[in-house]
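This report concerns only the one structure given below.
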Number of protein chains: 2
Amino acid sequence: MDKKEQKYLESYRIQNYDVPLTSVDVVIFTIISDSIYALVNQRKNHPHKSSWALPGGFIDIKNDKSIESTAIRKLAEKTGFKTPYLEQLGATGNGQRDPRGWSVTITYFALVNSDSVNLESDCRWIKVSTEGNVDESLAFDHNKLIEDAFQRLKNKAHYTTIPLHVLPSEFTLSELQSAYEIILGGKLNKSGFRRRILKSQIIEELPGEVRQTKTRTAQLYRALENKDLHFYMREIYAK
Amino acid sequence: MDKKEQKYLESYRIQNYDVPLTSVDVVIFTIISDSIYALVNQRKNHPHKSSWALPGGFIDIKNDKSIESTAIRKLAEKTGFKTPYLEQLGATGNGQRDPRGWSVTITYFALVNSDSVNLESDCRWIKVSTEGNVDESLAFDHNKLIEDAFQRLKNKAHYTTIPLHVLPSEFTLSELQSAYEIILGGKLNKSGFRRRILKSQIIEELPGEVRQTKTRTAQLYRALENKDLHFYMREIYAK
DNA sequence: TAAATAGTGTCTGTCAGACACTATGAC
DNA sequence: GTCATAGTGTCTGACAGACACTATTTA
């Protein structure tokens with residue numbers, strides 16, 4: 001690095017520029033009794049104080065290593081758990097979305113199993129329709145962020161094993177099929193579904209372990225470790 | 001809005017906070033004589049002055065309506081053309097990528113037809129390998145950004161009509177097949193390819209218009225207007 | 001026994017991949 | 001005529017979708 005660049009860097013002060021606000025928001029989805037839910041957090045500070053909003057906030061440039069660290073930190077701070085599945089959705093930015101000024105937010109979406117969550121008192125789950133809408137008006141443009149995140153989830157359910165991430169560690173094939181059906185918003189064919197999932201080699205049978213359902217017993221499975229999302233050559237279609 | 005919130009907003013000054021740098025970069029791909037190229041721009045300012053980098057820069061919060069406006073403006077400023085295809089790739093942010101400090105960049109990728117571009121003098125095309133690598137070291141983490149953008153392009157070529165966007169407005173099916181093959185990095189089967197493209201109804205024959213090639217004439221087609229990317233149920237595989 | 005859910009077998013349609021073929025124009 | 005490229009016809013295999021069937025457990 002030459003001397004001029006050194007000098008430039010020493011005299012550089014971001015405070016001398018008009019910059020946008022930059023924040024990170026996380027859309028956390030789960031399934032509770034056959035419906036999709038997203039986690040919202042009641043705001044403690046202005047603006048939109050006491051409104052419900054997605055967990056999120058500003059990047060802590062002293063302590064966060066990367067944007068993903070910010071997302072993971074926000075998740076831990078506001079909900080107390082580490083997420084098993086986290087994916088960046090993208091960035092939204094304009095002069096209108098935040099009353100404090102031009103604002104950019106980088107949105108992540110996460111999938112969790114609802115049983116393994118201890119909800120903090122300032123958080124709750126809100127129901128998400130099969131089109132990605134929620135029944136109340138959230139702070140900022142967070143209704144839109146949830147909708148976009150849900151559309152991504154739904155799209156991916158057509159050709160990946162992403163719905164696995166809302167299940168507990170042990171599950172039956174019927175439970176997995178139900179997770180797909182809830183996300184996709186329609187019924188799937190049973191034998192075709194099983195064929196597809198088993199062929200993908202992304203889950204394994206737990207030998208001898210079965211779950212008692214209302215009628216007969218069902219074989220338990222678990223997700224194979226070291227296997228990430230599985231992508232299929234062909235999409236699956238609901239209904 | 002209540003009075004307290006009003007007061008908070010009036011006294012809010014982003015300069016009182018430690019915030020990251022936020023910029024927008026654009027990866028512009030084209031095909032020139034059977035290879036993929038990306039556009040790079042020689043930096044006029046510190047840091048990395050005179051190094052080659054992606055076209056991009058800071059958001060102008062006075063004039064840019066949204067992040068996408070910034071991307072479109074950067075494209076126009078530095079390359080003089082409006083892009084026909086522009087898609088957001090995502091955001092990258094950490095404390096290392098920019099010597100001025102913690103920095104976030106939102107990357108877009110664009111596809112253009114090389115014949116319709118008049119290259120500005122401080123820009124050039126650099127060749128991109130079938131794995132997304134370029135033969136030289138660019139400013140910041142721009143080598144990585146190009147690689148990620150190229151992987152996205154390649155993935156999408158498996159199940160969409162995205163390669164259409166590197167062709168001129170009139171083209172033959174052989175030219176379209178060649179664009180797919182260059183992006184995918186392998187040969188495709190001719191009759192299968194034609195069946196798939198024609199069935200998708202995303203292009204139309206230009207009646208009576210043919211192009212003279214080295215040997216015989218070939219039918220010309222054009223992309224249908226009002227049709228966006230077409231997504232297939234099944235992927236196409238190269239080689 | 002009936003009811004309900006777990007799990008299987010098999011046929012069909014769609015479509016990519018392979019490959020052989022015909023058509024046309026330059027030389 | 002040959003060569004090269006444009007363009008077609010047809011078989012095959014993979015796999016989703018439909019649907020009928022069997023198996024197991026509770027009440």
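Naming convention: chains lettered A, B, ... in sequence-line order (proteins, then strands); numbering from 1 in each chain.
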Take atom [atom1] of [X] and atom [atom2] of [N], then tell me their distance rounded to the nearest Å.
{"X": "B:E235", "N": "D:dC15", "atom1": "CD", "atom2": "P", "result": "12 Å"}
{"X": "B:F171", "N": "D:dA6", "atom1": "CZ", "atom2": "C1'", "result": "16 Å"}
{"X": "B:R216", "N": "D:dA6", "atom1": "CZ", "atom2": "P", "result": "8 Å"}
{"X": "A:L173", "N": "C:dA6", "atom1": "CG", "atom2": "P", "result": "10 Å"}
{"X": "A:E175", "N": "C:dT5", "atom1": "CD", "atom2": "P", "result": "13 Å"}
{"X": "B:K199", "N": "D:dG7", "atom1": "NZ", "atom2": "C1'", "result": "19 Å"}
{"X": "A:R194", "N": "D:dC19", "atom1": "CZ", "atom2": "P", "result": "18 Å"}
{"X": "B:Y232", "N": "D:dA14", "atom1": "OH", "atom2": "P", "result": "23 Å"}

Have a look at A:Y237 and say if it touches a base, only the backbone sugar-phosphate, or nothing, with a 4.0 Å heavy-atom cut-off. sugar-phosphate
For B:R196, answer base if it contacts any base atom (sugar-phosphate contacts may also be present), sugar-phosphate if it contacts only those atoms, and nothing otherwise; contact means non-hydrogen atoms under 4.0 Å. sugar-phosphate
Closest approach to the side chain of [X], judged atom by atom: which nucleotide of [options] is it?
{"X": "B:T215", "options": "C:dG17, D:dG7, C:dG25", "result": "C:dG25"}
{"X": "B:R234", "options": "C:dT14, D:dG7, C:dA6", "result": "C:dT14"}
{"X": "B:I236", "options": "D:dA23, C:dG17, C:dC15", "result": "C:dG17"}

Under 3.5 Å, is there an N or O donor on one side and an acceptor on the other linking the side chain of [X] and the base of [N]?
{"X": "A:S191", "N": "C:dG7", "answer": "no"}
{"X": "B:R195", "N": "C:dA16", "answer": "yes"}
{"X": "B:N189", "N": "C:dA16", "answer": "no"}

Is it true that B:E68 and B:K74 have a side-chain N and a carboxylate O under 4.0 angstrom from each other? no
Counting just side-chain N and O atoms, does A:K190 come under 4.0 Å of either OP1 or OP2 of C:dT8? no
Phosphate OP1/OP2 of C:dA6: any A:S174 side-chain N/O under 4.0 Å: yes
Both A:T217 and B:G192 contact DNA chain D. Taking the nearest nucleotide for each, which residue is further toward the 5' end? B:G192
Between B:R222 and B:S169, is the side chain to side chain donor-acceptor pair (under 3.5 Å) condition met? List the steps. CA-CA 6 Å; B:R222 73 162 166 222; B:S169 57; over 6 Å; no
From the options A:F193, A:Y159, A:F171, select the one residue that forms a ring-ring contact (aromatic ring centres under 6.0 Å, His included) with A:Y180. A:F193
Give a yes/no verdict on a cation-pi contact between B:R152 and B:F109, requiring under 6.0 Å between NZ or CZ and the six-membered ring centre and an angle within 45° of the axis. no
Shortest non-hydrogen contact from A:R194 toward A:S174: NH2-OG, 3.6 Å
